[in-house]
A.B. asks: 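This is the structure I have questions about; it appears just below.
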Amino acid sequence: MPNRLIANSLLFIIFLKTILMNEVCEINQNSCKITKYRYIFYDVNPPEGFNLRRDVYMRFAIFAHKLKNTELSNFKLVLPPWTNLYHWKKKVSTQIPWSHFFDLKSLKRFSPVIEMYEFFDEVNYKFTKTKIDEVYVLQHFREMFQTGNFEDKMLIEDCIRKPKTNFYYYNNITSDNIKCLSFHGYASDLKKILKPSNAQTILFDHAEVALHDRFGDNIYWKARRSMRFSNELKRFAAVFRSKYLNSSDLADGTILPDDWEAETGKRTAKGGPYLSVHLRRRDFAIGRTKDVPNIEEAASQIIELLRKLNLNVVFIATDATIKEYEQLERLLSDYKVHRFFGVESLTDGAVAIIDQIICSHAQYFVGTHESTFTFRIQEEREIMGFPEHTTFNRLCGDTCEKPSIWRIVY
Ligand SMILES: Nc1nc2c(ncn2[C@@H]2O[C@H](COP(=O)(O)OP(=O)(O)O)[C@@H](O)[C@H]2O)c(=O)[nH]1
Ligand SMILES: *[C@@H]1O[C@H](CO)[C@@H](O)[C@H](O)[C@H]1NC(C)=O
Ligand SMILES: *[C@@H]1O[C@H](CO)[C@@H](O)[C@H](O)[C@H]1NC(C)=O
Ligand SMILES: [Mg+2]
């Protein structure tokens, strides 16, 4: 009896598989794979840092989100695995999935995204190379800045630079169809590439060339709210906050619903009893001396804020060298100064996010001018509902223009 049941189930599965395969083979005869889905890949200019990459993700997540319920709804967006970034001192030996940093379930509630390994599972193409059907390396129009002629929004042209798509450093991914696409427009304009194509896999490289459909509208913020950090990183931050900063979500008024879709946007967050600072150094300290303070200036600005806020605890997130940090600590020796040093097992990317989480929970935050690391903290605080004046603050260099306020909308 059970045998019969098993036999029947097996037959049914085989039957289903046959149907699915046929369906796919009709869509795309030359690459007959066991899936009815199609896939958008993207990649970003290699030197770009983590937090700009998060912004490019949003542009493409919004693009994919808008394909839902259209004739292109069978496209999924494949998350580009993380490989060594310029700012990461500790090298990683393998591709890192997005779930290392973010909560995948939350991302998927906004946009049809999958990890690279899920793609490999879905196409089930073991023992062979994956060939991406079409690769478009985005580039700015050569003429654009000279003539200001923006008429053509996209055009296949000669490559301005020799295209060097690296396929996330997998040696089993290639393509024999790489073109350069001069592009001036919004990420969602790329559906004009998808529409006439019957490719199953399309990769857009230098995806940062494509702009946000609409910066700061409610869809932007939905995408942003869906980028919840992984529970593991949140736990690291929570332990540190509780141990050193007397900070917890209950006491600080920063409890959010489990599902970001249930957030309603109350501005009632108080934050933990500390000042948080994002002090960007390294390339910023060299290339942007007008906009960022030196260590002495930073210390005196931090002291002034601590006095004004009547606080004696400060949390410092920084990419400063140990030497610079120790100098800062000495200058702040009348106060309790904390930095998250992490543990051996954490990647640099994980430590950076834990720094951001701790900064975002402070009663008052001050960041670095035009750093995307700072911007992401400010967004996090908008999501948690802090009063704006506690968030949009910067350390001053020679210049001290007030930062723009990017208010959350629902
Ligand atoms: N842990 C940690 N890393 C930082 C901090 N500031 C900068 N970094 C590192 O430097 C990189 C800066 O690149 P990016 O994310 O593009 O931000 P931006 O260059 O400041 O706009 C980050 O991704 C981090 O790897 C910090 O406060 N803490
Ligand atoms: C390609 O290589 C990666 C890592 O080397 C592996 O995880 C993946 O399964 C491979 N893909 C295919 C389709 O075999
Ligand atoms: C920690 O914060 C609570 C209020 O949230 C306060 O009552 C308590 O005194 C603080 N503890 C210390 C050690 O500062
Ligand atoms: Mg950067």
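Counting begins at 1 with the first residue of the sequence.
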A.B. asks: Is R339 close enough and on-axis enough to Y325, meaning under 6.0 Å and within 45°, for cation-pi?
C.D. replies: yes
A.B. asks: Parallel, tilted or perpendicular for F315 and F240, by the 30°/60° rule?
C.D. replies: perpendicular
A.B. asks: Just checking K68: does its NZ atom have more than 12 heavy atoms from other residues, nucleotides or ligands closer to it than 6.0 angstrom?
C.D. replies: yes
A.B. asks: As a quick check of understanding, evaluate side chain to side chain contact (heavy atoms under 4.5 Å, CB included) for K179 and V137, giving each step before the final call.
C.D. replies: CA-CA 6 Å; K179 296 191 171 93; V137 181; over 6 Å; no
A.B. asks: Does T374 reach the main-chain N or O of G367 with its side chain, forming a donor-acceptor pair under 3.5 Å?
C.D. replies: no
A.B. asks: With no hydrogens and no angle check, do the side chains of R381 and T390 hold a donor and an acceptor under 3.5 Å apart?
C.D. replies: yes
A.B. asks: Run the ring pair (Phe, Tyr, Trp, His ring centres under 6.0 Å) test against F386 and tell me which residues pass, sequence neighbours left out.
C.D. replies: none
A.B. asks: So, Q301 side chain and A298 main chain: donor-acceptor pair closer than 3.5 Å or not?
C.D. replies: no
A.B. asks: Looking only at the aromatic ring of each residue, does the gap between the centers of F50 and H87 stay below 6.0 angstrom?
C.D. replies: no
A.B. asks: Taking the side chain from Q363 and the backbone from K270, do they hold a donor-acceptor pair closer than 3.5 Å?
C.D. replies: no
A.B. asks: Under 4.0 Å between a side-chain nitrogen and a carboxylate oxygen: does that hold for E382 and R225?
C.D. replies: no
A.B. asks: Between K89 and D348, does any NZ, NE, NH1 or NH2 come within less than 4.0 Å of an OD or OE carboxylate oxygen?
C.D. replies: no
A.B. asks: Can a donor-acceptor pair be found, under 3.5 Å and without considering hydrogens, that links the side chain of S111 to the backbone of V113?
C.D. replies: no
A.B. asks: Which class fits the ring pair Y168 and Y170: parallel under 30°, tilted 30 to 60°, perpendicular over 60°?
C.D. replies: perpendicular
A.B. asks: Scan for salt bridge (Lys or Arg N to Asp or Glu O under 4.0 Å) pairs involving residues 229-242, sequence neighbours excluded, and state none if there are none.
C.D. replies: R241-D249, R241-D252
A.B. asks: Quick one, E380 and F229 - any side-chain contact, counting heavy atoms below 4.5 Å?
C.D. replies: yes
A.B. asks: Please test E48 against R53 for salt bridge (Lys or Arg N to Asp or Glu O under 4.0 Å), starting from the C-alpha separation and ending with a verdict.
C.D. replies: CA-CA 7 Å; E48 298 296 350; R53 285 164 191 269; over 6 Å; no
A.B. asks: Could you tell me whether a side-chain N or O of S197 sits under 3.5 Å from a main-chain N or O of L194, the two making a donor and an acceptor?
C.D. replies: no
A.B. asks: Please report the C-alpha distance between L79 and M116 in whole Å, then the side-chain angles of each, then the deciding distance to 0.1 Å, and finally whether the side chain to side chain contact (heavy atoms under 4.5 Å, CB included) criterion is met.
C.D. replies: CA-CA 6 Å; L79 298 166; M116 195 69 193; over 6 Å; no
A.B. asks: What residue pairs, at least two apart or across chains, pass ring-ring contact (aromatic ring centres under 6.0 Å, His included) with a residue in residues 196-225?
C.D. replies: Y136-F204, H212-F215, H212-Y220, F215-Y220, F215-W406
A.B. asks: Do D189 and F183 touch side chain to side chain, with heavy atoms closer than 4.5 Å?
C.D. replies: yes
A.B. asks: Under a 4.5 Å cut-off applied to non-hydrogen side-chain atoms, are T347 and H100 in contact?
C.D. replies: yes
A.B. asks: Counting only heavy atoms not in R282, do more than 12 fall under 6.0 Å of its CZ?
C.D. replies: yes
A.B. asks: Do we see a donor-acceptor contact under 3.5 Å between the side chains of S247 and H361?
C.D. replies: no
A.B. asks: I'd like to know if the side chain of T372 reaches the main chain of F375, judged simply by a donor and an acceptor atom lying under 3.5 Å from each other, with no hydrogens or angles considered.
C.D. replies: no
A.B. asks: Indicate, with yes or no, if the rings of F119 and F41 have centres closer together than 6.0 Å.
C.D. replies: yes
A.B. asks: Looking at N45, is its backbone amide N or carbonyl O close enough to the side chain of E208 to form a donor-acceptor pair, meaning the two atoms are under 3.5 Å apart?
C.D. replies: yes
A.B. asks: Is there a side-chain contact between V366 and L305 in this structure, where contact means two heavy atoms from C-beta onward sitting under 4.5 Å apart?
C.D. replies: yes
A.B. asks: For residues R267 and P387, determine if any side-chain heavy atom of one lies less than 4.5 Å from a side-chain heavy atom of the other.
C.D. replies: no
A.B. asks: Is it true that the side chains of E122 and Y39 contain a donor and an acceptor less than 3.5 Å apart?
C.D. replies: yes
A.B. asks: Are D205 and K164 ion-paired here, with the side-chain N under 4.0 Å from a carboxylate O?
C.D. replies: no
A.B. asks: Mind running salt bridge (Lys or Arg N to Asp or Glu O under 4.0 Å) on E329 and K336 for me, showing each step along the way?
C.D. replies: CA-CA 9 Å; E329 236 184 350; K336 285 209 177 83; over 6 Å; no
A.B. asks: T399 versus E401: any side-chain heavy-atom pair under 4.5 Å?
C.D. replies: no
A.B. asks: Any chance the side chains of S182 and Q139 put a donor and an acceptor closer than 3.5 Å?
C.D. replies: yes
A.B. asks: Do any N or O atoms from the side chain of R109 and from the backbone of D259 form a donor-acceptor pair under 3.5 angstrom?
C.D. replies: no
A.B. asks: Assess R54 against Y57: is NZ or CZ under 6.0 Å from the centre of the six-membered ring, and within 45 degrees of the ring's axis?
C.D. replies: no
A.B. asks: So F101 and W88, would you call those rings parallel, tilted or perpendicular, with 30° and 60° as cut-offs?
C.D. replies: tilted
A.B. asks: Can you name the one residue among D213, L77, I40 that meets side chain to side chain contact (heavy atoms under 4.5 Å, CB included) with F63?
C.D. replies: I40
A.B. asks: Short question: side chain of E115, backbone of S99 - any donor-acceptor pair under 3.5 Å?
C.D. replies: yes
A.B. asks: Start with the C-alpha gap between D55 and R376, add the side-chain angles, then the distance that decides, and say whether side chain to side chain contact (heavy atoms under 4.5 Å, CB included) holds.
C.D. replies: CA-CA 9 Å; D55 193 67; R376 300 291 90 83; 3.9 Å; yes
A.B. asks: Can you confirm whether M227 sits close enough to F110 that some side-chain heavy atom of one is under 4.5 Å from a side-chain heavy atom of the other?
C.D. replies: no
A.B. asks: So how far is it from E297 CD to D398 CG, rounded to the nearest 0.5 Å?
C.D. replies: 7.0 Å
A.B. asks: Any side-chain heavy atom of D319 within less than 4.5 Å of one from F284?
C.D. replies: no
A.B. asks: With the threshold set at 4.0 Å, does a side-chain nitrogen-carboxylate oxygen contact exist between R280 and E370?
C.D. replies: no
A.B. asks: In sequence, state the C-alpha distance, the side-chain angles, and the governing distance for K191 and K66, and then conclude on side chain to side chain contact (heavy atoms under 4.5 Å, CB included).
C.D. replies: CA-CA 10 Å; K191 68 176 172 299; K66 289 180 179 172; over 6 Å; no
A.B. asks: Does the Lys NZ or Arg CZ of K76 fall within the cation-pi geometry relative to Y37 - under 6.0 Å from the ring centre and within 45° of the axis?
C.D. replies: yes
A.B. asks: Between E326 (side chain) and K323 (backbone), is there a donor-acceptor pair under 3.5 Å?
C.D. replies: no
A.B. asks: Are H184 and F141, when compared by the centres of their aromatic rings, separated by less than 6.0 Å?
C.D. replies: no
